[in-house]
Amino acid sequence: MLQPYQAYPIINQLSAGEWQQLELEIKEQQYVSDQLIMMQGEVSECVHIILSGQARVFIENETKVELALLQRGHFFGEMSCLTGDPVSAFVEAVDYLTTITVSKTGMLLLMDKNADFRNQIIDAMIKRIQNSNERVLEEHTKSQLIMKQYETEDRERSGNLIGTNPAMKQLMGHIERLSAKQDHVILIGEAGTGKRSIARKLHYAATQGQYPMLTINGNDFDLLAWDTKIRAAKGGTLVVEHAEQLPADLLKQIVETAIQTRIVLTAAQPLHINNIASLYIPPLRERVEDIPLLAQYFVENAGADDAESAISSDALRLLSLFPYLTKNVGELQGIVTEAYIVSEGRTISSNHLRFGRARKAGDRPTIGLALGSGSVRGMAHLGILRVLEEEGIPIDMIAGTSVGSLVGGAYAAGMPVEDCVRVLSTIRWRQLVRPTIPKHSFVHNTPMIGFIEQHVGKRNIEDLPIPFAAVASDASTGEAHIMRNGLLAHAISASTAIPAIMRPVQYQGKTLVDGAVVHPVPAALVKSMGADIVIAANVCTESFSKGTAKHFVDSLLNTIDIMSAKMVKEELQLADIVLRPDLGHNQISFKDSQICIAAGEAVTRDAIMRIKKKLSS
């Protein structure tokens with residue numbers, strides 16, 4: 001019959017007589033998860049032999065660095081127990097842990113009576129002495145990595161996630177649920193949306209800051225650096241930034257082989273890795289209602305006593321129009337902080353706001369063209385392009401809304417201006433739309449895709465010779481959807497889908513309609529794309545008293561124009577040159593194209609000296 005002690009590891013080979021001599025020197029102990037068993041620097045009076053569960057050995061300075069994970073049959077405290085030297089590390093229970101403790105007297109008796117036990121203890125002590133130099137070097141490397149990162153990173157443990165937008169509320173809920181786990185996570189979002197801040201929040205919530213959080217960049221990834229950092233971050237978090245730059249098989253490999261370390265992958269586009277949660281972080285332009293909250297938060301941090309009265313309503317509206325393409329929240333913070341300084345602590349008005357980049361002295365200013373909405377009146381854009389080209393005015397980037405996206409997209413694709421005039425000025429509605437069952441619309445503009453591709457080919461926006469962006473409106477949220485990549489023809493189709501008249505376009509995972517209801521003249525977008533000088537072409541109807549609506553479609557377009565006119569005025573504050581062709585009342589017939597083109601030419605010729613003066617200043 002087996003004796004109870006024979007279920008114990010290591011000492012299970014003792015005879016009954018040997019056990020009787022040792023019984024008083026051996027005790028069974030239980031510990032709960034995270035309970036500290038042994039303190040670094042104390043002298044241990046016993047050796048622990050693990051019966052069940054796991055124990056973690058670690059050292060701790062500014063952060064916790066794991067040395068080993070012990071399980072059944074492993075032991076700890078033997079060096080200190082036998083030599084009287086202080087314990088060199090902490091030991092804590094990982095989960096529910098059971099050990100047997102053997103006193104120093106019991107240890108000596110065991111080593112005297114049981115050769116196997118004696119040899120096992122001696123072997124373990126020799127190995128630990130042999131490995132001491134390697135361990136010292138490894139822990140020095142870990143400490144250097146951790147300290148270097150702390151020197152270069154923001155020491156703030158997690159940024160504030162501010163927002164009332166439904167997408168932000170959903171994101172916060174996901175973060176709260178994931179915080180209690182150590183599961184790997186993928187964070188998807190543009191630059192400046194807060195991916196690193198969210199990674200820190202997840203890390204500190206799960207580890208209470210007791211373990212390292214390190215980062216590695218996917219742009220210059222190498223396996224040697226990975227191996228060093230994954231060991232240094234053991235028990236904590238390793239963030240892989242720009243993970244979309246890594247091959248899919250390598251991503252899968254590093255995630256699968258990461259043991260006892262949470263991997264957080266951050267990327268600008270979705271990554272497809274099985275069994276890993278992905279969190280999408282919306283850019284500022286998809287949560288416009290949060291911009292005033294963030295602006296007030298930043299101005300308060302800048303020193304304002306009363307954040308709500310520190311920014312005027314006109315400044316908040318202008319801040320809400322800007323798309324923040326480069327740094328999102330970081331860009332907003334910079335603009336607001338600078339405006340607070342410029343205002344000298346007074347209320348920030350729209351005049352205090354500085355958008356766009358800082359240009360190097362001596363560089364030619366970049367010129368961006370914002371082509372607005374306006375149905376057939378948008379043919380005036382062709383006249384504007386013709387004169388700018390004749391006068392040698394360079395166009396470095398274009399953004400277009402509705403008909404502006406059609407004209408601007410064709411020109412950005414490399415179509416010569418005279419070809420644009422020839423093709424677009426002779427176009428007819430029947431080439432662009434087809435009737436549909438009038439449930440929520442009368443026509444759909446799917447034929448427009450074929451028409452565009454017939455003349456410029458099947459092109460991706462990101463591959464065009466001139467940087468281009470098209471503006472549509474998300475029919476579900478009412479917010480702007482800016483398209484700077486993907487198929488050009490599909491983007492133009494979405495940007496020109498007139499609400500209630502044309503069927504919404506399903507594209508890039510959204511239900512999209514005409515961009516005129518959000519950015520009728522996308523001057524802010526061009527500025528955010530990097531333009532130093534913004535030339536804005538506004539072809540919205542100037543006066544709604546000229547002409548009477550002849551039918552429903554005319555009336556609806558007139559209504560859209562009225563809505564657009566209220567937004568245009570504020571956004572045009574970000575334009576350096578505004579071109580408003582004299583087009584009279586609302587027109588929806590392509591037969592008027594030549595009149596519109598001529599009006600575009602005339603207004604541009606009148607402004608050419610102002611444009612050249614801007615270029616030379």
Side-chain angles (χ1 to χ4, degrees), residues 149 153 158-159 161 167-168 170-203 205-206 213-230 233-234 236-287 324-330 460-463 474 481-487 490 506-510:
Q149 180 140 334
E153 279 194 354
S158 59
L161 291 177
M168 285 300 293
Q170 186 179 39
L171 175 64
M172 291 175 191
H174 288 318
I175 291 170
E176 186 176 349
R177 285 190 289 275
L178 287 168
S179 292
K181 306 176 183 179
Q182 275 285 74
D183 295 347
H184 303 320
V185 183
I186 302 171
L187 303 179
I188 309 297
E190 295 178 6
T193 50
K195 298 190 290 293
R196 182 178 291 187
S197 175
I198 291 171
R200 283 199 298 268
K201 187 174 287 289
L202 290 169
H203 168 74
M213 174 180 165
L214 301 177
T215 62
I216 191 167
N217 196 319
N219 287 317
D220 52 8
F221 184 91
D222 71 82
L223 287 173
L224 181 61
W226 167 262
D227 184 61
T228 303
K229 288 201 172 185
I230 194 69
K234 191 173 182 181
T237 304
L238 183 52
V239 181
V240 183
E241 297 182 329
H242 306 292
E244 71 272 17
Q245 300 300 322
L246 300 180
D249 56 344
L250 179 58
L251 280 174
K252 183 179 178 183
Q253 176 188 337
I254 64 177
V255 167
E256 289 179 349
T257 55
I259 300 172
Q260 299 170 32
T261 302
R262 168 184 256 169
I263 304 299
V264 177
L265 304 173
T266 72
Q269 58 197 40
L271 303 176
H272 303 290
I273 304 175
N274 293 334
N275 303 318
I276 299 183
S278 288
L279 299 184
Y280 172 69
I281 308 161
L284 273 181
R285 61 183 174 275
E286 290 184 8
R287 53 185 189 108
Y324 307 96
L325 295 178
T326 56
K327 295 180 182 177
N328 279 281
V329 176
N460 283 330
I461 294 175
E462 61 270 29
D463 299 328
D474 187 330
H481 180 66
I482 295 169
M483 295 164 283
R484 293 196 297 159
N485 54 40
L487 292 167
H490 288 70
Q506 302 297 323
Y507 187 53
Q508 296 186 338
K510 298 180 182 293

Between [atom1] on residue [X] and [atom2] on residue [Y], distance to nearest 0.5 Å:
X	Y	atom1	atom2	result
H184	I273	NE2	CD1	9.5 Å
K195	T266	NZ	OG1	5.5 Å
N217	D222	CG	CG	11.0 Å
L187	I281	CG	CD1	5.0 Å
E241	T215	CD	OG1	5.0 Å
E190	T326	CD	OG1	9.5 Å

Could you report the tightest heavy-atom contact between [X] and [Y], atom names first, then the distance?
X	Y	value
A233	L238	CB-CB, 4.4 Å
K181	A206	O-CB, 3.5 Å
T193	P282	CG2-O, 3.9 Å
G192	N328	O-CB, 3.4 Å

Does any non-hydrogen side-chain atom of [Y] lie less than 4.5 Å from one of [X]?
X	Y	answer
Y507	M483	yes
L325	R484	yes
K201	H203	no
T237	L202	no
L265	L246	no

### Task
Decide if atom CD of E462 counts as having more than 12 heavy atoms of other residues, nucleotides or ligands within a radius under 6.0 Å.
yes
### Message
Looking at D220, I'd like to know if its CG atom is crowded, meaning that more than 12 non-hydrogen atoms belonging to other residues, nucleotides or ligands lie closer than 6.0 Å.
### Response
yes
### Task
Compute whether any side-chain donor of one residue and acceptor of the other, for R177 and H174, lie under 3.5 angstrom apart.
yes
### Query
Looking at I186, V239, V240, L279, which one forms a side chain to side chain contact (heavy atoms under 4.5 Å, CB included) with V264?
V239
### Summary
Checking I263, T257, I254 against I230 for side chain to side chain contact (heavy atoms under 4.5 Å, CB included), the one that qualifies is I263
### Query
Can you name the residues that form a side-chain contact (heavy atoms from CB on, under 4.5 Å) with D463, not counting sequence neighbours?
N460
